[in-house]
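All heavy atoms count here, side chains included; hydrogens, waters and symmetry mates do not.
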Amino acid sequence: MILLHGTDGPRSGAAWNWRLFLESIGVASFRLDSYTGRGIESADSQQELFGQFTQIYDTYRAMEALAEHPKIDANRIAVMGFSRGGHAALYSAMTRFQNAHGPKQGKLIAHLAFYPACNFELVGQFELSGAPIREFHGAEDDWTPAAPCRAYIDRLAAGGYDAQMSEFPGVLHSFDNTSIPARNWSASWQTSRKCLRREENGRLVNPETGKPFSYADACVEYGPSVQYNDGATAKAQAAVEAFLLGDAFKLK
């Protein structure tokens with residue numbers, strides 16, 4: 001399992017917690033650091049520092065590295081991402097991205113996305129590889145709202161893809177990060193929750209302005225919140241274990 005951190009960076013508590021859980025059920029993991037080599041520590045308050053979909057490219061390159069490992073089956077690799085990493089875990093299923101940047105070796109057999117942003121209109125976003133998608137979201141997430149993801153996953157499922165979403169009532173962003181026991185927020189944290197971003201000529205455009213999207217746009221807001229939720233985490237872990245061991249990796 002390739003683990004992709006969010007804008008909080010490679011020390012993400014969510015990625016660390018899932019690494020421990022995956023290990024406990026017999027699934028090897030590879031925590032990918034997309035920041036240090038680029039001179040970034042965190043992008044919560046400067047979201048423009050890091051491309052929305054850069055981690056898709058990183059995922060494909062990690063797959064090639066893992067394919068060389070003698071104990072890794074290159075055709076049994078999955079990806080799990082959180083927040084910004086969730087974007088990559090979700091949209092790395094697009095055949096367009098796989099054709100353009102996909103690995104020379106290895107195959108993604110599952111995409112597990114935790115609370116990604118889904119308020120995008122991308123060219124080819126309904127043309128996927130066919131690997132199963134599982135999305136997990138807090139219903140009260142005020143950083144990356146659940147509703148756009150629900151609409152996207154529902155449309156994928158209606159189109160015949162194996163796509164499912166688990167939505168947890170009363171739950172916020174980063175619900176699986178045990179290092180955030182109480183509700184937390186920062187006035188500097190940026191959220192594009194009210195920004196639709198449409199791809200036009202290879203760029204993400206704000207339809208309201210007709211110009212390339214920027215975190216200086218009026219739709220960008222500040223102060224989203226995060227909080228761990230034990231019940232939602234337990235349900236997500238149970239769902240992930242059943243899916244990976246039964247359907248994806250077939251270890252049972």
Taking only residues two or more places apart in sequence or in another chain, which ones pass ring-ring contact (aromatic ring centres under 6.0 Å, His included) with F213?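 With sequence neighbours excluded, F213 shows a ring-ring contact (aromatic ring centres under 6.0 Å, His included) to Y215, given in chain and number order.
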Y60: partners by ring-ring contact (aromatic ring centres under 6.0 Å, His included), with sequence neighbours left out: none
Suppose the criterion is salt bridge (Lys or Arg N to Asp or Glu O under 4.0 Å): which pairs have a residue in residues 177-188, not counting sequence neighbours?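 For residues 177-188: D142-R183.
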Only counting residues at least two apart or in another chain, list the ones meeting side-chain contact (heavy atoms from CB on, under 4.5 Å) with [X].
| X | result |
| --- | --- |
| Y152 | L90, Y91, Q125, F126, L128, L156 |
| D44 | T7, D8, S42, W143, W189 |
| E200 | R198, V205 |
| S83 | Y115, H173 |

Are R150 and E135 close enough, and set up right, to give a side chain to side chain contact (heavy atoms under 4.5 Å, CB included), and what steps lead you there? CA-CA 9 Å; R150 189 186 319 118; E135 202 272 356; over 6 Å; no
Intermediate values then yes/no, salt bridge (charged side-chain N to carboxylate O under 4.0 Å, His left out), D217 and R197: CA-CA 11 Å; D217 287 356; R197 286 153 291 183; over 6 Å; no
Would you say D230 and Y228 are linked by a side-chain donor-acceptor pair, where the criterion is simply a distance under 3.5 Å? yes
Does the side chain of Q47 come within less than 4.5 Å of S192's, by heavy atoms?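 They are not in side-chain contact.
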For [X], give me all partners under salt bridge (Lys or Arg N to Asp or Glu O under 4.0 Å), at least two apart in sequence or on another chain.
| X | value |
| --- | --- |
| R19 | E23 |
| R134 | D162 |
| R155 | none |

Heavy-atom closest contact (S29 atom, L3 atom, distance):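 In terms of heavy atoms, the two residues are closest at CB-CD1, 3.9 Å.
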Locate the shortest heavy-atom distance separating I2 from T59; write the atom from each residue and the value.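 Looks like CD1-O, 3.8 Å.
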Please work out which of the three classes, parallel, tilted or perpendicular, describes the rings of F53 and H87, given edges at 30° and 60°. tilted
Hydrophobic cluster (4.5 angstrom, side-chain heavy atoms) - remaining members for L20: W16
If you look only at distance, which donor and acceptor atoms sit under 3.5 Å apart when one is on a side chain in residues 101-113 and the other is two or more places apart or in another chain?
unit_1	atom_1	unit_2	atom_2	d
Q105	NE2	E68	OE2	2.7
H111	ND1	A89	O	3.0
H111	ND1	S92	OG	3.1

